[in-house]
Amino acid sequence: MSAALVVPAGTTAADAVAAAGLPQSGPKAIVVVRDADGRLRDLDWSPGQDADVEAVAIDSPDGLDVLRHSAAHVLAQAVQDIFPEAKLGIGPPIENGFYYDFDVEKPFQPDDLAKLEKRMQEIVKAGQTFRRREYASLDEARAELAHEPYKLELVDIKGDVDDSEVMEVGGGELTHYDNLDRDGKRVWGDLCRGPHLPTTRLIPAFKLMRSAAAYWRGSEKNPQLQRVYGTAWPSRDELKAYLNRLAEAERRDHRKLGTELDLFSFPDEIGSGLVVFHPKGGVIKREMEDYVRARHIEEGFQYVGTPHISKEGLFHTSGHLPYYADTMFPPMHMEGADYYLKAMNCPMHNLIFRSRGRSYRELPMRLFEFGSVYRYEKSGVVHGLTRVRGLTQDDSHSYVAPEDAPAEIKHLLNFVLSLLRDFGLDDFYLELSTRDPKSDKFIGTDEQWATATEVLDRVATETGLELVADPGGAAFYGPKISVQARDAIGRTWQMSTIQYDFNMPARFGLEFQAADGSRQEPVMIHSAKFGSIERFFGVLVEHYAGAFPAWLAPVQVVGIPIRDDHAGYLEEFVARLRKEGIRAEVDHSTDRMQKKIRTAQQQKIPFMAIAGDDDVNGGTVSFRYRDGSQRNGVGLDEAVAHVVEVVRSRVNTGPTAE
RNA sequence: GCCCCUGUAGCUCAGUUGGCCAGAGCACCUGUCUUGUAAACAGGAUGUCGUCGGUUCGAUUCCGACCGGGGGCUCCA
């Protein structure tokens, strides 16, 4: 981990690290130190007076950033070696790796990456030293960087880019890092605030991953640069482990599993981002919906239904149209009116609330439906089930008296967490999205935002879950809490959202009659539990790698006869299961039994029920589970009860004989 | 929307430096075999090589546009 050190005046941090006997190479190497002000310093830093510092190892979060940013420099050097005309953009560390942006004549091709990687290996092997150098003045920097237009731009705006992504400038001074070869000759250099590894040789394992275009400084008004992504790790084993994680994620890809398990497809004839569910996917989707619908009703929601299109006036009233017209499908003209496909359900629920006078006795009023909405997502962002153009929201709106809003939000938050747990996700954190006071995108008064944000913050904090701030991430009409869930391999997905809305009730003129006879405006709380059924479906496919819990599995039991003449016996068993609502079938294909087992394994069916002469004679079946474990010779009554028990319990693990 | 890559059988993928009938494995169909826990054997059918246009004696191959897919950027009520 980290160790406290003193760097005596006039000596270097490296001297102190060596004197303390800390590792200077290997997977725990100390690569920089943190000074008393929390600032990271290179190992060749030499303080003017004795300094207390903390040694930072390459495998710590800061150490990894230093490693990866140094690898980005090596990449940039390799690019300018091979493509001397390339102009440098920025090259920060990111999660698990780094990137560097370049302005080049021709975009990089896959073989270019191989060449660059090879050149990087040479640079790493050469053991170049990174050396910090401070510019005496802005003009000196400008003169030296005259041939690097993007760097020049950073020098000129250095005041307002002091953030984690722009490593080039910041910290109140302007510095440069030179790469020196073993003879001390300068071979390359880059504007950079640092810090860096002492030498390139401390980059133990890296790999270039891909290239892609990226807008300069993140704005689509700017030119696109070519970005090269790479990854770097303190050891070869960690690199290998990271690549294995990526391979595992690829194996779980819901688009691939969706085809293999015959769950859904995106027919070209329908259009990009529009999914059709096949029978097996339909079973899972229906189980999800049935369960969620039942749970909503238990929790006091009323199931409603609304159409897919509406005249445009409704979306003017709601305020959506001015903000989101370009992400809605264009209108259809009919009978002198413009009809829009709906992109959100709340306006229609408001109309249900407003359809007659409401009493305080009806509150909280909770309207819920699976509402199909259509959004014209840009062509470049449509992605499997996680980003589609037609989706079904499990959308609810709670109308409450303002003083009851905190209790309602708490109720909703507990509800969504319990629902997610029911589906096997149980590792969460919360995000609180608030408005950006500098943006004019948000409507409502400061007081309204303050009240709403305070309520959400308080309720979120009370859950005891980790709470992450997301400034500027709010919807235009109010702040929101979102629930982020970690899946089986540690990736996080934004699932549920809960939004406090003080705006739409006023726009729709919603009111209820209070106990004292006065008319009052309710607060509206939007909540989606899964966000979209399609997206949650995709997340579940990846979370379970296609091996759904028994209660969700499209086929729960497959009967496998040893010989054809055992099939009739299994048909009787399967008929008993079906009577209990179990999705069971017998494999009547001409394959041999081993092949049928293989097929059932590949289809990830939870229960295989095998029967041959022994089982028929004994009045039993033999279970083989998805994990390969077996329970042989189980009596038919017990076998039926066993399957029914596992399915009805909705357990999300197993089944197994273990 | 922008940049790059990509589109050959239901799936995974070869292939054609422009030329007779375009290939493999799996899946599918037929037959033989009748089998105790992840692939029996033999035979068979399968494609307007994404679409439209251009170049050419000739295009699945080269060029262009469009459509779909992938990776990013931007965006995400």
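Lettering of chains follows the sequences in order, A, B, ..., and the numbering in each one begins at 1. The figures here come from the full heavy-atom set of this structure, side chains too, leaving out hydrogens, waters and symmetry mates.
Between the CD atom of Q393(A) and the C1' atom of A77(B) there is a distance of 8 Å, rounded to whole Å. If you take CD of E377(A) and C1' of U74(B), they are 12 Å apart, rounded to a whole angstrom. Rounded to whole Å, the distance from CH2 on W216(A) to C1' on C2(B) is 18 Å. Rounded to an integer number of Å, the gap from R227(A) CZ to G72(B) P is 11 Å. Across the protein-nucleic acid pair, Q499(A) atom CD and C76(B) atom P stand 13 Å apart, rounded to whole Å. Taking atom CG on L208(A) and atom C1' on G71(B), their separation rounds to 15 Å, with Å as the unit. Atom CZ of R598(A) and atom C1' of G36(B) are 19 Å apart (whole Å). The OH-C1' distance, from Y229(A) to G71(B), rounds to 9 Å in whole Å.
Between R598(A) and D591(A) there is no salt bridge, since none of the side-chain N atoms of the basic residue sits less than 4.0 Å from a carboxylate O of the acidic one. Using a 4.0 Å cut-off between a side-chain N of Lys or Arg and a carboxylate O of Asp or Glu, R366(A) and E408(A) qualify as a salt bridge. A salt bridge between R387(A) and E534(A) is absent, with no side-chain N of the basic residue lying under 4.0 Å from a carboxylate O of the acidic one.
Using a 4.0 Å heavy-atom cutoff across all strands shown, G218(A) reaches sugar-phosphate atoms only and no base atom. Across all strands shown, A600(A) has no heavy atoms under 4.0 Å from either base or sugar-phosphate atoms. Counting non-hydrogen atoms under 4.0 angstrom, S379(A) reaches a base of the nucleic acid. Note on Y477(A): only backbone sugar-phosphate atoms sit closer than 4.0 angstrom, heavy atoms only; bases stay farther off. Within the nucleic acid shown, S622(A) comes within 4.0 Å of at least one base atom, counting heavy atoms only. Looking at heavy-atom distances under 4.0 Å, Q601(A) makes contact with a base. R255(A) comes within contact range of the sugar-phosphate backbone alone, with a heavy-atom separation under 4.0 Å but no base atom that close.
For residues 313-322 of chain A, every residue pair satisfying the side chain to side chain donor-acceptor pair (under 3.5 Å) rule, not counting sequence neighbours, is listed here: S318(A)-H320(A).
By the 6.0 Å contact criterion, CD on E85(A) is enclosed, its count of non-hydrogen atoms from other residues, nucleotides or ligands being greater than 12.
Taking only side-chain nitrogens and oxygens, H383(A) comes nearer than 4.0 Å to OP1 or OP2 of G71(B). R210(A) has a side-chain polar atom (N or O) that falls below the 4.0 Å cut-off from OP1 or OP2 of G72(B).
Looking at heavy atoms from C-beta onward, I90(A) lies in side-chain contact with L154(A) at the 4.5 angstrom threshold.
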- request: Let me have a per-nucleotide readout for nucleotides 3-14 of chain B, 5' to 3', with B, S or -, counting only protein heavy atoms under 4.0 Å.
  value: BSS---------
- prompt: What string of B, S and - do you get for nucleotides 25-34 of chain B 5' to 3' if you count protein non-hydrogen atoms under 4.0 Å?
  reply: --S------B
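Residue ring and nucleobase are stacked for Y324(A) and A77(B), with a centre distance beneath 5.5 angstrom and an angle between planes beneath 30°.
With both ends at atom P, the span from C67(B) to C52(B) equals 15 Å, rounded to whole Å. Taking atom P on both C66(B) and C3(B), the two are 10 Å apart, rounded to the nearest angstrom. With C1' as the reference atom, U60(B) and G15(B) are 10 Å apart, rounded to whole Å. Rounded to the nearest Å, the gap between the C1' atom of G72(B) and that of U16(B) is 32 Å. Going from the P atom of C4(B) to that of G64(B) covers 11 Å, rounded to whole Å. G47(B) and G23(B) have their P atoms separated by 12 Å, with the value rounded to a whole Å. Taking atom C1' in both C11(B) and G1(B), the straight-line distance is 33 Å, to the nearest Å.
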Could I get a table of every N or O pair under 3.5 Å where one atom is in the protein and the other is in nucleotides 45-51 of chain B?
none

- prompt: In dot-bracket notation, what is the pairing pattern of RNA chain B, taking Watson-Crick (N1-N3 plus N6-O4 or O6-N4) and G-U wobble (N1-O2 and O6-N3) contacts under 3.5 Å, with [ ] crossing and | for other strands?
  reply: (((((((..((((.....[...)))).(((((.......))))).....(((((..]....))))))))))))....
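Not a single side-chain hydrogen bond (donor to acceptor under 3.5 Å, both in side chains) links T434(A) to another residue, sequence neighbours left out. Applying the side-chain hydrogen bond (donor to acceptor under 3.5 Å, both in side chains) rule to K311(A) yields no partners; only residues at least two apart in sequence or on another chain are considered. Remark: D338(A) engages H333(A) in a side-chain hydrogen bond (donor to acceptor under 3.5 Å, both in side chains) (not counting sequence neighbours). Shown here are the side-chain hydrogen bond (donor to acceptor under 3.5 Å, both in side chains) partners of Y150(A), two or more places apart in sequence or in another chain: D103(A). Not counting sequence neighbours, the partners of I489(A) by the side chain to side chain contact (heavy atoms under 4.5 Å, CB included) test are E248(A), A249(A), R252(A), D487(A), R491(A).
Listed by residue number, there are no residues of residues 347-354 of chain A with a heavy-atom contact under 4.0 Å to RNA chain B.
Side-chain contact, R227(A) with Y229(A): a donor N or O sits under 3.5 Å from an acceptor N or O. Side-chain contact, E571(A) with H588(A): a donor N or O sits under 3.5 Å from an acceptor N or O. At a cut-off of 3.5 Å, with distance as the only test, a side-chain donor of Q393(A) or N345(A) sits close to an acceptor on the other residue. Donor-acceptor pairing under 3.5 Å is recorded for the side chains of D615(A) and S622(A).
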Compile the donor-acceptor pairs under 3.5 Å between side chains in residues 368-376 of chain A and protein atoms, sequence neighbours left out, one pair per line.
unit_1, atom_1, unit_2, atom_2, d
E369(A), OE1, T306(A), N, 3.2
E369(A), OE1, T306(A), OG1, 3.4
E369(A), OE2, T306(A), OG1, 2.5
E369(A), OE2, H349(A), NE2, 2.9
R375(A), NE, A343(A), O, 2.9
R375(A), NH2, A343(A), O, 2.7

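Put simply, the side chain of R626(A) and the base of A38(B) share no donor and acceptor less than 3.5 Å apart. If you check distances only, the side chain of Y215(A) does reach the base of G1(B) with a donor-acceptor pair under 3.5 Å. Judged by distance alone, with hydrogens and angles left aside, T327(A) brings a side-chain donor or acceptor within reach of the base of A77(B), the pair sitting under 3.5 Å. For G36(B), its base never sits under 3.5 Å from the side chain of D613(A) at any donor and acceptor pair.
A centroid separation of less than 6.0 Å is found between the aromatic rings of F537(A) and F277(A).
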query: Are E250(A) and R255(A) close enough, and set up right, to give a salt bridge (charged side-chain N to carboxylate O under 4.0 Å, His left out), and what steps lead you there?
result: CA-CA 10 Å; E250(A) 207 169 313; R255(A) 296 164 298 186; over 6 Å; no
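Nearest-nucleotide positions on RNA chain B for F266(A) and Y374(A) put F266(A) closer to the 5' end.
A donor-acceptor pair under 3.5 Å is formed between the side chain of D394(A) and the backbone N or O of K529(A).
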